[in-house]
Amino acid sequence: KALHIPCIHTYHTMYQDYLHYVANGKLIGPRAVKTAVRNYLKNMEGVVAPSQLVYETMLAYGVTAPIRIIPTGVEVNHHVTDEDTQELRQQLGLTTQTPVALSLGRLAFEKNIEDTIDAFKEVLAQNSAAKLVITGDGPARQSLMEHVAALENTDNVLFTGMIDHADVPRYYAMADVFVSSSQSESQGLTYLEALTAHTPIVVMNSPYVRDLITDPSIGVGLDDVELLATALLPYLNKTAQVGDVSKRDAKINEISAEHFGTEIVKFYEAVINEYQTDDERNSDSIFGAFSNPFKR
């Protein structure tokens with residue numbers, strides 16, 4: 001601010017969903033988050049929201065800076081072969097015919113992975129050969145493993161722990177369906193990563209998910225976690241309608257890192273072109289514009 005440099009903030013985390021990490025949620029409440037965010041962002045010349053959900057949250061918080069919805073881009077060009085996926089399945093003790101649902105990400109309580117495990121018990125009642133692969137690590141891992149044991153599903157639910165980032169595309173590609181019961185995603189980058197592997201997703205609905213899933217080839221968004229098992233079974237049983245693959249491919253192009261780069265640069269340029277220093281706002285002097293090196 002002192003150097004008269006316009007600043008843009010990207011808001012990705014729905015902090016109100018993470019308050020339990022601070023003194024079990026007793027120290028900071030949602031109202032404090034709203035106030036803190038509004039006060040911080042009032043000094044910004046622009047805000048990037050990765051989804052409609054974040055955009056609407058910013059408006060509800062009273063953010064006055066210009067907000068642009070620009071979904072975060074992901075790498076879309078992966079070189080995963082059939083041999084790669086078969087090798088990974090063998091490492092996990094799976095055959096090429098094993099129906100596999102994948103849950104990948106940080107094992108945190110707010111991700112509601114326990115709901116996925118509960119739903120998978122219903123899946124197994126109709127397809128006992130199915131497997132749920134839970135990839136990642138985090139504070140909820142021990143609790144989740146104990147929950148699986150209590151349901152007597154340890155043979156069908158596999159915990160891989162943390163994996164190398166380079167191996168992530170192989171995990172998406174070897175699965176028949178990606179599943180998430182999280183309701184705290186501001187965008188859901190794992191959803192996009194699964195999509196780039198051409199793996200359908202079954203996730204909880206949000207304004208962002210409704211914009212993302214525009215065809216059965218992409219997946220299914222659910223309003224009720226109780227429907228999770230019903231939505232997973234067609235993909236695991238290989239009976240799901242494929243949908244229009246061209247729509248999926250078009251969506252993959254929209255979420256590419258290249259497309260993100262193009263859109264973010266446009267926003268930077270717009271903010272620079274509109275930028276005014278406090279001196280310029282408060283002065284009628286014809287010399288005001290010369291004090292701002294970003295003003296064109």
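The basis for the numbers below is simple: all heavy atoms, side chains too, and nothing from hydrogens, waters or symmetry mates.
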Original post:
Measuring from Ile264:CD1 to His259:NE2, what's the distance to the nearest 0.5 Å?
Top reply: 11.0 Å
Subject >> Test item: Arg248 side-chain N/O and Ile218 main-chain N/O as donor-acceptor pair under 3.5 Å >> reply: no
Original post:
Name the one of Asp118, Thr116, Asp115 that satisfies side chain to side chain donor-acceptor pair (under 3.5 Å) with Ser181?
Top reply: Thr116
**OP:** Could you tell me whether the side chain of Lys247 and the main chain of Pro216 form a donor-acceptor pair under 3.5 Å?
**Re:** no
Subject >> Thr262 side chain to Glu258 backbone, donor-acceptor under 3.5 Å >> reply: yes
**OP:** Classify the ring geometry between Phe178 and Tyr172 as parallel (under 30°), tilted (30 to 60°) or perpendicular (over 60°).
**Re:** tilted
Subject >> salt_bridge(Arg170, Asp82) N-O dist < 4.0 Å >> reply: no
**OP:** Search all heavy atoms of Ile67 against all heavy atoms of Ala49 and return the closest pair with its distance.
**Re:** CG2-CB, 3.9 Å
Original post:
So Gln142 and Glu146, side-chain hydrogen bond (donor to acceptor under 3.5 Å, both in side chains) or not? Walk me through it.
Top reply: CA-CA 6 Å; Gln142 186 59 39; Glu146 291 173 357; 3.2 Å; yes
**OP:** Just do the side-chain contact (heavy atoms from CB on, under 4.5 Å) check on Tyr191 and Leu195 with the steps written out, would you?
**Re:** CA-CA 6 Å; Tyr191 306 171; Leu195 179 57; over 6 Å; no
Original post:
Hey, does the side chain of Asn156 reach the backbone of Ser128 with a donor-acceptor pair shorter than 3.5 angstrom?
Top reply: yes
Subject >> Side-chain donor/acceptor of Asn237 to backbone N/O of Thr239, under 3.5 Å >> reply: no
Original post:
What do the steps show when you test Val179 against Phe120 for side-chain contact (heavy atoms from CB on, under 4.5 Å), and what is the final call?
Top reply: CA-CA 10 Å; Val179 57; Phe120 208 72; over 6 Å; no
Subject >> Asp84 (side chain) donor-acceptor with Val80 (main chain) under 3.5 angstrom >> reply: no
**OP:** Any chance you could lay out the side-chain hydrogen bond (donor to acceptor under 3.5 Å, both in side chains) test for Gln86 and Gln90, step after step, and finish with the verdict?
**Re:** CA-CA 6 Å; Gln86 291 172 12; Gln90 289 175 359; 5.7 Å; no
**OP:** Measure the NZ-CG distance between Lys131 and Leu158 for me, rounded to the nearest 0.5 Å.
**Re:** 6.5 Å
**OP:** May I ask you to decide if Asp244's main-chain N or O and Asp215's side chain share a donor-acceptor pair within less than 3.5 Å?
**Re:** yes
**OP:** May I ask you to decide if Arg31's main-chain N or O and Thr35's side chain share a donor-acceptor pair within less than 3.5 Å?
**Re:** yes
**OP:** Taking all non-hydrogen atoms of both residues into account, name the closest pair between Ala197 and Ala173 and its distance.
**Re:** CB-N, 4.0 Å
Subject >> Closest contact, heavy atoms only, Pro99 versus Asp176 >> reply: CA-OD2, 3.3 Å
Original post:
side-chain contact (heavy atoms from CB on, under 4.5 Å) between Val63 and Lys42: does it pass, once the steps are laid out?
Top reply: CA-CA 7 Å; Val63 173; Lys42 71 180 181 181; over 6 Å; no
**OP:** Check Asn153, Asn112, Leu151 against Ile117 for a side chain to side chain contact (heavy atoms under 4.5 Å, CB included) and give me the one that passes.
**Re:** Leu151
Original post:
Has the side chain of Ser143 got a donor or acceptor atom that lies under 3.5 Å from a matching backbone atom of Ala140?
Top reply: no
Subject >> Distance in Å, Glu274 CD paired with Ile272 CD1, rounded so as to fall on 0.5 Å steps >> reply: 11.5 Å
**OP:** Quick one: pull up CG in Asp249 and OG in Ser217 and give me the separation to the nearest 0.5 Å.
**Re:** 8.0 Å
**OP:** Considering only NZ, NE, NH1 and NH2 on the basic side and carboxylate oxygens on the acidic side, decide whether Glu254 and Lys251 come within less than 4.0 Å.
**Re:** yes
Original post:
When rounded to the nearest 0.5 angstrom, what is the spacing between NZ in Lys238 and CG in Asn127?
Top reply: 8.5 Å
Original post:
About how many Å separate OG1 of Thr72 and NE2 of His12, when rounded to the nearest 0.5 Å?
Top reply: 3.0 Å
Original post:
Any donor-acceptor pair under 3.5 Å linking the side chain of Glu45 with the backbone of Cys7?
Top reply: yes
Subject >> Ring centroid separation His4 to Tyr275 under 6.0 Å >> reply: no
